[in-house]
Amino acid sequence: AQTYMTLLRIYWLGRMHNSAVETFLEMSNSGYTPNTFARNIVVDVLFKLKDGDAALRFFREIPTPNFLSYNIVISNLCELNNWPEVCKTVKEMMRKGFVPDDRSLIGMLNCVGKFHKTREMFQVLGLMISLGYQLTVTTWTILIDGLCRIGKVCLAISLLKKMKSSGVHPNVVTYTTLIKGCFENDMPAEVSNLLENMEDEGLSHDLVFSNTLMDCLAKSGMYDEATTVFCSLHERNLTPDSYTYSSMLPILSSSGNLDLLSSLLNGPDAFFDKVLFNSMLNFYCRIGRPRLAVKVFNRMMTAGYTPD
RNA sequence: ACUAAGUGUAA
């Protein structure tokens, strides 16, 4: 049984989900009775194999689920955005005297915050506070993100202030969220304040931050500013990725950089992803360069993608 | 005992 358990854990940690399931079956067939730990691994693995229904069925058949069983189920359900099932599981868990851990709570916050369920978001916050959890940067950032997504940027900004006055320091993720919120809600004036704050707080821009900034600037028609950010990438030691280029496509063409774009196709397969290929296809077709679009299409095939 | 929160395409 020890050997099987070790194998199970190795496959689990190594993301070899199918092997994990096989090991579990073999273990059961060899006459061993898997303990709750082993069963928890299978639940998680079934979720990772995208079979949420099977995972739930398997979970319900665990004779003595422990608090980890519940936390595994809850955080996976959160990723699947299955909020009703999350609620049921949390209630059942608490009825048994277990309490959701911080990972489950953060998953829950994020699950409702992303989808404009503001009421539920504050209910989860209330639960967290009543369970005595300290608010962390991550928690604050999810709340701020939730508010930005429903267009309440002013509230989000006052939350930022509250966060700081409670002694928690915002990070790049917090500012990425806020800046995107400002652009999407026509509050560009706030953006420069936020950028100044970041500077004062000594936070440096990472690639996601820069990509977000470029995308927002591009969508607001501020091509020069977006180009400045693009050119500043290498002095920040950042390498543009597929996100960068799919945001910058229209700008590179209007600034006469079509050559740079087609030279991208010489890059390694790993640089590309499906969205970038689709963006380029769409882009070349729209600007009336079907031959270039065909080149992109062929490159896409050699990179092993199938058109969707 | 796995995992944390922020970015891109078409319709």
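When reading the values below, keep in mind they use all heavy atoms of this one structure, side chains included, and skip hydrogens, waters and symmetry mates. Convention: sequence-line order gives letters A, B, ...; per-chain numbering from 1.
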Handout entry: Over all atoms of both residues, closest heavy-atom pair of A:H205 and A:S210
Key = CB-OG, 3.9 Å

Practice task
Please determine if a side-chain N or O atom of A:R286 lies less than 4.0 Å away from the OP1 or OP2 oxygen of B:U9.
Solution key: no

Problem - Rounded distance (Å) that lies between atom P of B:U7 and atom CG of A:L249 - result: 19 Å

Fill in the blank from the handout: A:K48 atom NZ is separated from B:A4 atom P, nearest whole Å, by 10 Å

Problem - A:K96 side chain to A:Y70 side chain, donor-acceptor N/O pair below 3.5 angstrom - result: yes

Practice task
Classify the nucleic acid contact of A:D101 as base, sugar-phosphate or nothing, counting any heavy atom under 4.0 Å across all strands shown.
Solution key: nothing

Practice task
For A:L276, answer base if it contacts any base atom (sugar-phosphate contacts may also be present), sugar-phosphate if it contacts only those atoms, and nothing otherwise; contact means non-hydrogen atoms under 4.0 Å.
Solution key: base

Practice task
Looking at every strand, decide which applies to A:Y245 at a 4.0 Å heavy-atom threshold: base, sugar-phosphate, or nothing.
Solution key: nothing

Exercise for the section: Report yes if a donor N or O on one partner sits less than 3.5 Å from an acceptor N or O on the other, where the partners are the side chain of A:D308 and the base of B:A10; otherwise report no. Expected result: no

Exercise for the section: Looking at every strand, decide which applies to A:S242 at a 4.0 Å heavy-atom threshold: base, sugar-phosphate, or nothing. Expected result: base

Practice task
Side chain of A:N282 only, please: which of B:U7, B:A5, B:A10 is the nearest?
Solution key: B:A10

Completion exercise
Here the distance between atom P of B:A5 and atom CG of A:L147, to the nearest Å, is 18 Å

Exercise for the section: Using a 4.0 Å heavy-atom cut-off across all strands, classify A:F209 as base, sugar-phosphate, or nothing. Expected result: base

Completion exercise
From the candidates B:U7, B:A1, B:U9, the one with an atom nearest any side-chain atom of A:I72 is B:A1

Fill in the blank from the handout: Minimal heavy-atom distance between A:P170 and A:V137, with the atoms involved, is CA-CG1, 4.0 Å

Completion exercise
Against the side chain of A:L68, the closest entry in B:G6, B:A1, B:U9 is B:A1

Practice task
Determine whether any donor atom in the side chain of A:D273 lies under 3.5 Å from an acceptor atom in the base of B:G8, or the reverse, and answer yes or no.
Solution key: yes

Exercise for the section: Measure from the side chain of A:R15, starting at C-beta and using heavy atoms only, and say which of B:U3, B:U9, B:A5 lies closest. Expected result: B:U3

Completion exercise
Here the distance between atom P of B:U3 and atom NE2 of A:H17, to the nearest Å, is 11 Å

Practice task
Go through the N and O atoms of the side chain of A:S246 and the base of B:G8, and report whether any donor-acceptor pair is under 3.5 Å.
Solution key: yes

Problem - Rounded distance in Å - CZ (A:F115) to P (B:G6) - result: 10 Å

Exercise for the section: Have a look at A:I142 and say if it touches a base, only the backbone sugar-phosphate, or nothing, with a 4.0 Å heavy-atom cut-off. Expected result: sugar-phosphate

Practice task
Please check the phosphate of B:U9 (OP1 and OP2 only) for any side-chain N or O of A:K219 closer than 4.0 Å.
Solution key: yes

Exercise for the section: Would you classify A:L13 as touching base, sugar-phosphate or nothing, given that sugar-phosphate means primed atoms plus P, OP1 and OP2, and contacts are heavy atoms under 4.0 Å? Expected result: sugar-phosphate

Practice task
Give A:D206 one of three labels, base, sugar-phosphate or nothing, depending on what nucleic acid heavy atoms sit under 4.0 Å from its own.
Solution key: base

Problem - Gap between atoms CG and P, on A:L207 and B:G8 respectively (whole Å) - result: 13 Å

Practice task
Report yes if the side chains of A:N278 and A:S246 come closer than 4.5 Å at any heavy-atom pair, otherwise no.
Solution key: no

Show which side-chain atoms of residues 296-307 of chain A pair as donor or acceptor with protein atoms under 3.5 Å away, not counting sequence neighbours.
{"from": "A:N298", "atom 1": "ND2", "to": "A:V294", "atom 2": "O", "distance (Å)": "3.4"}
{"from": "A:R299", "atom 1": "NE", "to": "A:L265", "atom 2": "O", "distance (Å)": "2.7"}
{"from": "A:R299", "atom 1": "NH1", "to": "A:D269", "atom 2": "OD1", "distance (Å)": "2.9"}
{"from": "A:R299", "atom 1": "NH1", "to": "A:T302", "atom 2": "OG1", "distance (Å)": "3.2"}
{"from": "A:R299", "atom 1": "NH2", "to": "A:G267", "atom 2": "O", "distance (Å)": "2.8"}
{"from": "A:R299", "atom 1": "NH2", "to": "A:D269", "atom 2": "OD1", "distance (Å)": "2.7"}
{"from": "A:T302", "atom 1": "OG1", "to": "A:R299", "atom 2": "O", "distance (Å)": "2.9"}
{"from": "A:Y305", "atom 1": "OH", "to": "A:F272", "atom 2": "O", "distance (Å)": "3.3"}

Problem - Sugar-phosphate, base or nothing in reach of A:D102, heavy atoms under 4.0 Å - result: nothing

Fill in the blank from the handout: Which of B:A5, B:A1, B:G8 is nearest the side chain of A:N171? It is B:A5

Problem - A:I106 CD1 to B:A4 P, straight-line distance once rounded to whole Å - result: 11 Å

Handout entry: Non-hydrogen side-chain atoms of A:I179 and A:T212 separated by less than 4.5 Å
Key = no

Practice task
Return yes if the base of B:G6 and the side-chain atoms of A:T177 contain a donor-acceptor N/O pair under 3.5 Å, otherwise no.
Solution key: no

Exercise for the section: Could you check whether A:D241 gets within reach of a base, just the sugar-phosphate, or nothing at all, counting any heavy atom under 4.0 Å? Expected result: nothing

Handout entry: Touch class at under 4.0 angstrom, heavy-atom based, for A:K180 against every strand present
Key = sugar-phosphate

Practice task
Mind calculating the distance between CE (A:M163) and C1' (B:G6) to the nearest angstrom?
Solution key: 13 Å

Problem - Presence of A:K114 side-chain N/O under 4.0 Å of B:A5 phosphate oxygens OP1/OP2 - result: no

Practice task
Taking the side chain as every heavy atom from C-beta outward, state whether A:W83 and A:F115 have any atom pair closer than 4.5 Å.
Solution key: no

Exercise for the section: Determine the contact category for A:D44: base if any of its heavy atoms lies under 4.0 Å from a base atom, sugar-phosphate if only primed atoms, P, OP1 or OP2 are that close, otherwise nothing. Expected result: base

